[in-house]
Amino acid sequence: MNSRPRTRPYSRLRLRPQGVLLILCGAALLRIALFSELYLRYVKEGLRPYLVVSGTALIALGLLGLLTRRTHDHDHDEEEDQAKIEGEDENQDEDEESGGHDHDHTRNPRIAWLLTAPALALLLFPPPALGSYSAEREEARVAAQGAGTFPKLPAGDPVDLTLGAFASRAEWDTGASLTGRTVRLTGFVTHDDDGTWSVARLLVTCCAADAQALKVEIRGADAPVADSWTTVTGTWHPTGKPGTDSARPVLDAVAVQKTTTPSDPYEKR
């Protein structure tokens, strides 16, 4: 029985949706963590190295998955006959397209390429930071042990405070350290169902998934557009005895000024 010579196997690069998907996800991670500060929309600053390592690893795995080992065989006539016997008619079309030299029985369905669309969108259009939609669905949880006396505020007005610091003093400070002081708060605008509006920021412990809303109601000024970043200068408006449910963070506005979105939109614990 005569045997026909076979050529040596060769390595080739074939686009497969699994590998492309990993590369796109890795590139998206590197874009937000290595080449910009967009990662601060989703996680704390200390997690940046882990994002860079993860993105690099995904790209490496994706490239590895694209490298396939194929066998170049000139015995295509014999393989075509065998395919007919086994009823694998679809392989004949592939044989004709490849000149009979590459019979791939492991093709992925073309619909699998649709999986790359979300990854491509993530690369080109990173999601924004959480905003008023999230803040309106979770009230502020102020980290405090209970009512008590807080340290005095620094000298000079206005005093720049985080929303968490203002809310803590407004709700728990029996020493009323906010009395007579002008403070300045910065956050994004939220509109409440009762017609009031607030400035808000989200408090994160690790990442955006555990974000909690901090809100300060603003009185005495017209509401800006929802989700716009605003700096409000004003004075504390007492609403009840510290440590009770009636004590809420409210500010009587003196000035409202639109500002740009900060690179790190979240407050930290």
* Thr182 side chain near Thr233 side chain, heavy-atom distance below 4.5 Å -> yes
* To do: Say whether, by atom type as modelled, one donor and one acceptor occur between the side chain of Thr239 and the main chain of Ser246 under 3.5 angstrom.
  => yes
* For Pro242 and Ala247, which heavy atoms make the closest approach, and how far apart are they? -> CA-CB, 4.1 Å
* Would you mind reporting whether Pro154 and Val159 have side-chain heavy atoms less than 4.5 Å apart? => yes
* What are the two closest heavy atoms between Leu161 and Leu185, and how far apart are they? -> O-CD2, 3.4 Å
* **Side chains of Thr186 and Thr231, donor plus acceptor under 3.5 Å** => yes
* Counting distance only, does the side-chain N/O of Asp194 pair as donor-acceptor with the main-chain N or O of Thr196 below 3.5 Å? -> yes
* **CG on Leu202 to CG on Leu214, rounded to 0.5 Å** => 7.5 Å
* Asked: When you measure from the side chain of Arg48 to the backbone N and O of Ala33, does any donor-acceptor pair fall under 3.5 Å?
  -> yes
* Structure fact -> When every non-hydrogen atom of Arg181 is compared with those of Thr235, the smallest separation belongs to O-CG2, 3.7 Å
* Test log, rule side chain to side chain contact (heavy atoms under 4.5 Å, CB included), inputs Leu153 and Leu178 -> CA-CA 8 Å; Leu153 292 173; Leu178 293 172; 3.9 Å; yes
* CZ on Arg201 to OG1 on Thr162, rounded to 0.5 Å -> 8.5 Å
* Heavy atoms only: give me the nearest Phe166-Val216 pair and the separation to one decimal. => CE2-CG1, 3.6 Å
* Structure fact -> Nearest heavy-atom contact between Ala176 and Trp236 is CB-CZ3, 4.2 Å
* Inter-residue atom distance Glu267.CD - Leu163.CG, 0.5 Å rounding -> 5.0 Å
* Structure fact -> Nearest heavy-atom approach of Val189 to Val225 is CB-O, 3.5 Å
* Asked: Is Val53 reachable from Leu24 through a run of I, L, V, M, F, W or Y residues, each pair having side-chain heavy atoms under 4.5 Å apart?
  -> no
* To do: Would you kindly confirm whether Phe188 and Val250 end up in one hydrophobic cluster when ILVMFWY residues are joined by side chain heavy atoms under 4.5 Å apart?
  => no
* Asked: Salt bridge between Asp160 and Arg184, side-chain N to carboxylate O under 4.0 Å?
  -> yes
* Do Asp192 and Glu217 come close enough that some side-chain heavy atom pair is under 4.5 Å? -> no
* To do: Flag the pair Leu29 / Leu58 as yes when at least one side-chain heavy-atom distance between them is below 4.5 Å, and no otherwise.
  => yes
* Donor-acceptor contact present, side-chain Trp197 to main-chain Ala226, <3.5 Å -> no
* For Arg169 and Gly164, indicate whether the former's side chain and the latter's backbone hold a donor-acceptor pair under 3.5 Å. => no
* To do: Say whether, by atom type as modelled, one donor and one acceptor occur between the side chain of Asp173 and the main chain of Phe150 under 3.5 angstrom.
  => yes
* **Point-to-point distance, once rounded to the nearest 0.5 Å, from CG of Asp227 to NE2 of His191** => 9.0 Å
